[in-house]
> 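Encoded as structure tokens, here's the structure I'll be asking about.
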Amino acid sequence: MSDGPAPSGDNRALTVAMVTVAALAVLAALYFARTLFIPITVACVLALVLAPIVRLLSKLGLPRTLASAVVVLTCCGLAAAILFRLSAPAAEWLARLPEAVIRLRYTFSEVVGAIQDVREITQDMARLSPGEEASEVVIQGPDLAQIFLTNTGQLVTIVVVAAILLFFLLANGYLFLLKTVHILPTLREKKRAVEIGRDLQVEVSRYLLTITLINVGLGCVTAATMAAFSMPNPLLWGVMAATLNFIPYVGAILTAAAILLAAVLTFLSPVEIFLPPLAFIVLTALEGNVVTPAVVGRRLTLNPVIVFVCLLFWGWLWGVAGLLIAVPLLVVFKILCDHIEPLQVVGEYLSSLQPTPASPSTDEKPVGNS
């Protein structure tokens with residue numbers, strides 16, 4: 001008697017084991033080769049954001065290669081100028097971080113009237129005063145230059161690779177779509193691939209560019225608001241608000257905390273201290289609940305649970321870079337699922353929209369007199 005085929009349970013277990021091993025291998029590759037994958041991912045996301053600008057310049061008569069070079073060089077120049085302009089103030093604020101924490105404790109103790117905390121903070125502030133020669137205390141906070149210079153080679157490599165790859169992605173345009181269409185066998189599949197590819201690129205580009213413009217607008221309003229409250233370095237808080245707003249929930253909390261610590265070092269009155277962070281909280285609440293839904297629409301609103309898990313995963317995998325690109329990657333995947341029929345079930349779980357109840361069938365007749 002010959003042996004029959006292996007039981008289906010064994011095949012299923014073998015498949016699960018192979019998928020698990022493959023997933024672990026991919027995770028290990030993404031983690032240990034992050035210096036390679038981070039610039040590639042960042043370049044792909046930025047290419048989707050900047051593609052509409054390149055298309056506009058091409059329609060105006062500029063060659064696509066030249067338009068791509070102009071866009072990439074402009075972005076790199078703006079980023080370098082902002083970093084050069086804000087590196088010194090940011091390093092100064094970071095150096096004063098321990099003092100801000102002590103003063104913040106003092107402010108809270110003053111508000112709630114905790115006498116014991118006031119005594120402790122008074123002793124801490126006495127140690128910080130330069131008048132005592134016998135007990136000189138030097139505040140050593142994190143130095144921004146030291147933070148970046150420790151991994152200068154890695155950072156420069158990531159930036160250069162991302163910029164070069166971004167240029168080639170923008171300059172080639174629909175090259176990968178054309179290659180995909182070329183290898184498909186039937187005309188029907190070619191047309192479907194063209195429709196999906198162009199819809200994906202246009203929709204993702206429009207969404208990411210819109211979100212970027214909204215975040216830039218939030219940064220401008222935040223800078224103007226901080227200037228109105230006489231906060232020093234308002235441009236720094238505007239850039240921080242615009243950048244960290246790509247990280248849902250966590251970005252707004254970090255920006256509000258940074259503004260609060262800066263206000264503690266700037267003002268003395270508790271009212272003056274709490275007004276700037278409260279104003280920013282109002283601004284980010286209006287942006288998240290009014291502006292973004294009105295401009296982007298509810299269809300691309302993501303499930304908060306999925307967003308939070310995605311932030312945890314990419315933050316663990318790639319650190320700050322992973323936090324910044326987690327939501328753009330999730331949006332790209334959501335739009336991809338919406339356009340590919342087998343993945344539409346996954347796209348439904350990624351959406352925060354409530355499922356619409358099924359309408360009653362027209363074949364069913366109401367109960368009653370005929």
Side-chain angles (χ1 to χ4, degrees), residues 81-150 215 218-245 247 249-285 287 320 323:
I82 292 174
L83 183 62
F84 178 78
R85 172 68 177 80
L86 299 180
S87 58
E92 181 181 352
W93 285 112
L94 282 174
R96 299 182 64 186
L97 182 60
E99 180 186 355
V101 173
I102 293 175
R103 290 193 180 186
L104 184 61
R105 288 174 54 196
Y106 180 81
T107 302
F108 275 113
S109 65
E110 187 180 58
V111 171
V112 300
I115 305 302
Q116 184 177 0
D117 290 343
V118 171
R119 187 180 301 113
E120 294 177 359
I121 301 305
T122 303
Q123 295 174 357
D124 292 339
M125 294 299 293
R127 297 192 194 99
L128 291 175
S129 60
E132 295 186 0
E133 298 178 359
S135 60
E136 182 179 357
V137 178
V138 179
I139 301 175
Q140 293 183 350
D143 186 3
L144 187 65
Q146 184 179 1
I147 293 174
F148 283 102
L149 288 177
T150 52
N215 291 345
L218 175 65
C220 294
V221 176
T222 300
T225 304
M226 296 303 109
F229 283 115
S230 301
M231 284 281 291
N233 308 118
L235 180 61
L236 175 63
W237 315 121
V239 172
M240 179 181 294
T243 303
L244 294 183
N245 201 50
I247 309 175
Y249 317 124
V250 180
I253 295 174
L254 293 177
T255 305
I259 293 175
L260 175 61
L261 292 175
V264 168
L265 294 172
T266 304
F267 307 111
L268 297 177
S269 170
V271 176
E272 294 178 329
I273 290 174
F274 288 104
L275 273 180
L278 288 177
F280 172 75
I281 291 173
V282 172
L283 290 177
T284 190
E287 177 271 326
V320 177
L323 289 174

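Residues take their numbers from the sequence shown, with the count starting at 1.
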> Going from CG on Leu283 to OG1 on Thr255, what distance comes out if it is rounded to the nearest 0.5 angstrom?
11.5 Å

> Rounded at 0.5 Å granularity, tell me how far CG in Asn215 sits from SG in Cys220.
11.0 Å

> Please tabulate, for the side chains in residues 232-239, all donor-acceptor contacts under 3.5 angstrom to protein atoms that are two or more places apart in sequence or on a different chain.
| from | atom 1 | to | atom 2 | distance (Å) |
| --- | --- | --- | --- | --- |
| Asn233 | OD1 | Trp93 | NE1 | 3.0 |
| Trp237 | NE1 | Pro232 | O | 2.9 |
| Trp237 | NE1 | Asn233 | O | 3.3 |

> For the atom pair CG (Leu244) and CG (Leu254), what is the distance rounded to the nearest 0.5 Å?
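If I round to the nearest 0.5 Å, the distance is 6.0 Å.
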
> Taking side chain to side chain contact (heavy atoms under 4.5 Å, CB included) as the definition, give me every residue that meets it alongside Leu323, ordered by chain and number, with sequence neighbours left out.
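Listed in chain order: Ile247, Leu311.
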
> Sequence neighbours excluded and cut-off under 3.5 Å, please list the side-chain donor-acceptor pairs for residues 260-281, or say none.
| from | atom 1 | to | atom 2 | distance (Å) |
| --- | --- | --- | --- | --- |
| Thr266 | OG1 | Ala262 | O | 2.7 |
| Ser269 | OG | Val271 | N | 3.3 |

> Report the distance from atom CD of Glu287 to atom OG1 of Thr284, rounding to the nearest 0.5 Å.
5.5 Å

> Using the test side chain to side chain contact (heavy atoms under 4.5 Å, CB included), find all partners of Val282 that sit at least two apart in sequence or belong to another chain.
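Val282 satisfies side chain to side chain contact (heavy atoms under 4.5 Å, CB included) with Leu286 only.
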
